[in-house]
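Below you'll find the structure, written out as structure tokens, and then a few comments.
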Amino acid sequence: MNKKVIIDVGLTEERVAVIEAGRLVEIHIERIEDDKIVGNIYKGKVTNVLPGIEAAFVDIGIEKNAFLHIDKATDDLDKDIESVTDADSDPASKTVLDKIKVGQEIMVQVVKEAIPPKGARVTTNISLPGRYLVLMPNSTNVGISHRIEEEKERERLKKIVQQTKPKNAGLIIRTAAWGKELEDFLPDLDFLTRLWNKIRNRGRKAKAPMLLHEDLTLTYRIIRDLLTEEVKEILINSKNEYKNMLKFLKTLSLSELEPRVSLYKGEKPIFEEYNIEKEINKGLQKKIWLKCGGYLVFDQAEALTVIDVNTGKFVGKKDMRKTILKTNLQAAEEIGLQLRLRDIGGIIIIDFIDMDNQEDIEKVVKKLEESLKKDKTKSNIIQNTELGLVELTRKRSRRDLENMLRTTCPYCSGTGRVLSAETVSNMVLRKLEELCNTSRAEAVLLGVHPKVEENLTGAKMLLIKQLEKKGRKTIYIKSSKNIHIERIDVVAVGRLKEIKKIKQMFK
């Protein structure tokens with residue numbers, strides 16, 4: 001697949017866009033003010049142990065204590081924090097919380113950034129990623145990327161890596177290792193081994209809480225993690241960062257990849273030139289249209305995301321079954337792309353258009369699986385529920401696009417809805433009734449939104465006249481676009497002459 005990576009280095013943030021077949025499929029953003037901590041290794045101090053939820057909290061020197069779950073913890077932590085076994089393969093790790101004590105110092109790595117109200121999540125299973133390999137000092141296993149699917153290639157790579165694997169460490173073979181030979185892995189392994197020794201020695205001397213190792217910045221992580229054979233070009237708009245990237249490639253012994261990295265010299269901002277800003281905005285929309293005329297609706301809650309599939313404008317020709325199948329197939333492909341672009345994690349429920357034919361259901365699920373295979377983030381499909389919904393989970397390690405670029409609306413508090421003009425107009429009448437009963441003023445001036453004023457006509461205006469007569473007051477209602485639709489401003493209450501002057505100045 002032909003991939004292109006576009007890097008925008010700005011004054012306050014770096015943005016990386018991944019384009020496949022002309023479409024934006026991933027967007028990564030790192031800001032100056034953000035404390036990027038995923039991948040960082042700390043020497044932390046245990047502040048609390050909660051056997052009831054099989055967890056511990058660890059002070060790693062940031063605002064909120066990190067969360068360590070038993071599944072992410074390792075055994076034998078009480079003596080040598082570097083000499084540990086693989087939690088997934090050692091049943092004894094289930095008793096690890098008996099060995100973790102409050103006040104104990106342990107080495108941990110951040111695997112998930114803090115997403116309010118939760119703190120960062122950490123593990124004691126350290127992993128150090130290189131270009132082709134990931135070193136796991138606390139394991140002895142050899143793993144391989146699920147994106148390398150060909151069985152012969154998987155077995156070939158495993159045999160090669162077994163020759164170089166350190167006795168007391170494990171390795172994961174990355175996607176970029178496809179087709180590589182023994183001599184390609186040796187510099188990578190040498191670099192990672194030296195890095196781990198440096199971190200370990202620093203950890204022995206350091207007093208918790210202390211940062212022992214900081215992961216690469218966004219641009220260099222992209223070079224390390226994304227520059228596979230599929231990526232034909234990396235384009236960057238910063239001359240300084242362009243030079244640094246070329247130096248970084250030499251450090252990784254990847255000078256042969258330098259021709260793929262280019263400096264952007266266009267007049268337009270780089271993201272505008274490649275239509276990326278527009279695609280980012282689409283990734284924030286609730287509704288996404290399909291080529292056939294159907295559409296998807298995304299609804300995100302705290303615990304899960306719901307995606308609804310609709311036929312929309314697409315009514316087909318004659319066969320309703322074919323109409324539904326075509327819409328669902330296009331939806332399945334688009335959902336895989338949108339999950340990557342929006343970086344949605346956690347539980348995801350997809351409500352495809354109902355299908356009675358089992359063959360059609362299998363086709364749609366298969367299309368969804370194919371679309372998700374392009375995603376480097378792990379996901380797991382649980383086929384149709386009893387209600388005909390498709391449920392899947394996708395690993396979450398950072399804030400999704402919505403939470404990265406948007407904040408909760410201060411007016412609707414995240415509901416996406418506000419009080420109707422009719423509701424607020426009734427509130428106006430209640431407010432006027434209260435003022436007429438409690439105030440001796442000659443006149444009242446209220447400010448409302450124009451749509452609310454439009455609703456104060458007919459029968460409601462007659463009621464206002466009755467309130468004027470009953471309360472012996474003159475009531476003025478003025479509208480302004482600057483007033484929120486839910487607000488009722490009591491602009492002035494007082495003598496009639498003074499209120500008239502204020503009314504003339506009101507905008």
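Residues N310 and I353 approach most closely at C-CD1, 4.0 Å, considering heavy atoms. Residues G61 and D59 come closest through the heavy atom pair N-OD1, 2.9 Å. The minimum heavy-atom distance between V108 and I126, with the atom names listed, is C-CD1, 3.9 Å. Between A169 and K165, the shortest heavy-atom contact is O-NZ, 3.0 Å. Residues K374 and E20 share a closest heavy-atom pair of CD-OE1, 4.4 Å. Considering every non-hydrogen atom in both A17 and F271, the closest pair reads CB-CZ, 3.9 Å.
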- Test I7 against L235 for side chain to side chain contact (heavy atoms under 4.5 Å, CB included), laying out the working first. CA-CA 6 Å; I7 302 175; L235 203 57; over 6 Å; no

Practice prompt. Kindly determine whether T219 and E14 satisfy side-chain hydrogen bond (donor to acceptor under 3.5 Å, both in side chains), including the steps that lead there.
Written response: CA-CA 8 Å; T219 301; E14 289 183 18; 2.5 Å; yes

Inset, instruction - Assess whether side chain to side chain contact (heavy atoms under 4.5 Å, CB included) is satisfied between T12 and R31, documenting all intermediate values. - result: CA-CA 6 Å; T12 58; R31 293 168 174 159; over 6 Å; no

Q: Apply salt bridge (charged side-chain N to carboxylate O under 4.0 Å, His left out) to the pair E233 and R260, showing each step before the final yes or no.
A: CA-CA 5 Å; E233 183 181 10; R260 297 194 205 175; over 6 Å; no

- request: Give the C-alpha distance, both sets of side-chain angles, the deciding distance and a yes or no for salt bridge (charged side-chain N to carboxylate O under 4.0 Å, His left out) between E30 and R221.
  value: CA-CA 11 Å; E30 199 164 277; R221 291 201 310 276; 3.1 Å; yes

Decide side-chain hydrogen bond (donor to acceptor under 3.5 Å, both in side chains) for N125 and N138; before the verdict, give the C-alpha distance in whole Å, the side-chain angles of both, and the deciding distance to 0.1 Å.
CA-CA 6 Å; N125 287 325; N138 301 335; 5.0 Å; no

Criterion salt bridge (charged side-chain N to carboxylate O under 4.0 Å, His left out) on K376 and E26, from CA distance to verdict: CA-CA 10 Å; K376 68 181 189 303; E26 290 179 30; 3.1 Å; yes

- Query: Which is it for E369 and K366 under the salt bridge (charged side-chain N to carboxylate O under 4.0 Å, His left out) test, yes or no, and what are the steps along the way?
  - Reply: CA-CA 5 Å; E369 287 173 343; K366 186 179 179 182; over 6 Å; no

Check: Would I276 and I6 count as a side chain to side chain contact (heavy atoms under 4.5 Å, CB included) if you check the C-alpha gap in whole Å, the side-chain angles of each, and the deciding distance to 0.1 Å?
Finding: CA-CA 9 Å; I276 295 168; I6 311 294; 3.9 Å; yes

Item checked: CA sep, side-chain torsions, deciding dist, call: V110, R121, side chain to side chain contact (heavy atoms under 4.5 Å, CB included) -> CA-CA 6 Å; V110 179; R121 188 162 181 167; over 6 Å; no

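With rounding to the nearest 0.5 angstrom, the NZ atom of K250 is 9.0 Å from the NZ atom of K247. Summarising the geometry, atom OG1 belonging to T377 is positioned 10.5 Å from atom CG belonging to L372; distances are rounded to the nearest 0.5 Å. Rounding to the nearest 0.5 Å gives a distance of 11.5 Å between NZ of K373 and CZ of R147. The distance from the CG atom of L24 to the OH atom of Y274 is 14.0 Å, given to the nearest 0.5 Å. Remark: L401 CG to R340 CZ distance equals 14.0 Å, nearest 0.5 Å. Separating the CG atom in L304 from the CD1 atom in I344 is a distance of 11.0 Å, to the nearest 0.5 Å.
No side-chain heavy atom of V102 sits less than 4.5 Å from a side-chain heavy atom of K45. Looking only at side-chain heavy atoms (C-beta outward), V38 and Q109 stay at 4.5 Å or farther from each other. Side-chain contact check for M355 versus V364: some heavy-atom pair is nearer than 4.5 Å. In this structure the side chain of L341 never reaches within 4.5 angstrom of the side chain of V25, judged on heavy atoms. Between L405 and L284 the shortest side-chain heavy-atom distance falls below 4.5 Å.
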When the side chains of residues 170-194 are checked against the rest of the protein, which donor-acceptor pairs come out under 3.5 Å, sequence neighbours left out?
from : atom 1 : to   : atom 2 : distance (Å)
R174 : NH1    : G130 : O      : 2.8
R174 : NH1    : D225 : OD1    : 2.8
R174 : NH2    : D225 : OD1    : 3.0
T175 : OG1    : S145 : OG     : 2.8
E181 : OE1    : R156 : NH1    : 3.4
E181 : OE2    : R156 : NH1    : 3.4
D184 : OD2    : E181 : N      : 2.8
D188 : OD1    : R131 : N      : 3.1
D188 : OD2    : R131 : N      : 3.2
D188 : OD2    : Y132 : N      : 2.7
D188 : OD2    : L133 : N      : 3.0
D190 : OD2    : R194 : NE     : 3.1
D190 : OD2    : R194 : NH2    : 3.4
T193 : OG1    : L189 : O      : 2.7

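Under a 3.5 Å cut-off, the side chain of D400 and the backbone N or O of R342 do not form any donor-acceptor pair. Looking at E333, its side chain never comes within 3.5 Å of a backbone N or O of K367 through a donor-acceptor pair. Judged by distance alone, the side chain of E279 and the main-chain N or O of N275 form no donor-acceptor pair under 3.5 Å. Looking at Q104, its side chain does come within 3.5 Å of a backbone N or O of K101 through a donor-acceptor pair. For S139 (side chain) and M136 (main-chain N/O), no donor-acceptor pair under 3.5 Å exists by modelled atom type. With hydrogens and angles disregarded, no donor-acceptor distance shorter than 3.5 Å links the side chain of K4 to the backbone of I19. A donor-acceptor pair under 3.5 Å is absent between the side-chain atoms of K287 and the main chain of V297, judged by distance alone. T47 places a side-chain N or O within donor-acceptor distance of the main-chain N or O of F57, the cut-off being under 3.5 Å.
When each of R394, H28, R399 is tested with D343 by the rule side chain to side chain donor-acceptor pair (under 3.5 Å), just one qualifies, namely R394. With L368 as the partner, the side chain to side chain contact (heavy atoms under 4.5 Å, CB included) test is satisfied by one option alone out of L339, I335, L329: I335.
With respect to the salt-bridge test (charged N to carboxylate O, under 4.0 angstrom), the residues E334 and R23 qualify.
The salt bridge (Lys or Arg N to Asp or Glu O under 4.0 Å) pairs that include a residue from residues 401-410 are E402-R406, where partners are two or more places apart or lie in different chains.
No more than 12 heavy-atom neighbours from other residues, nucleotides or ligands sit within 6.0 angstrom of CG on N168. The environment of E63 atom CD is sparse: at most 12 non-hydrogen atoms of other residues, nucleotides or ligands sit within 6.0 angstrom.
No side-chain donor-acceptor contact under 3.5 Å links E214 and Y42. The closest side-chain donor-acceptor pair between N40 and D215, if any, does not fall under 3.5 angstrom.
By the side chain to side chain contact (heavy atoms under 4.5 Å, CB included) test, E272 is found to be paired with P269, E277, residues two or more places apart in sequence or in another chain being considered.
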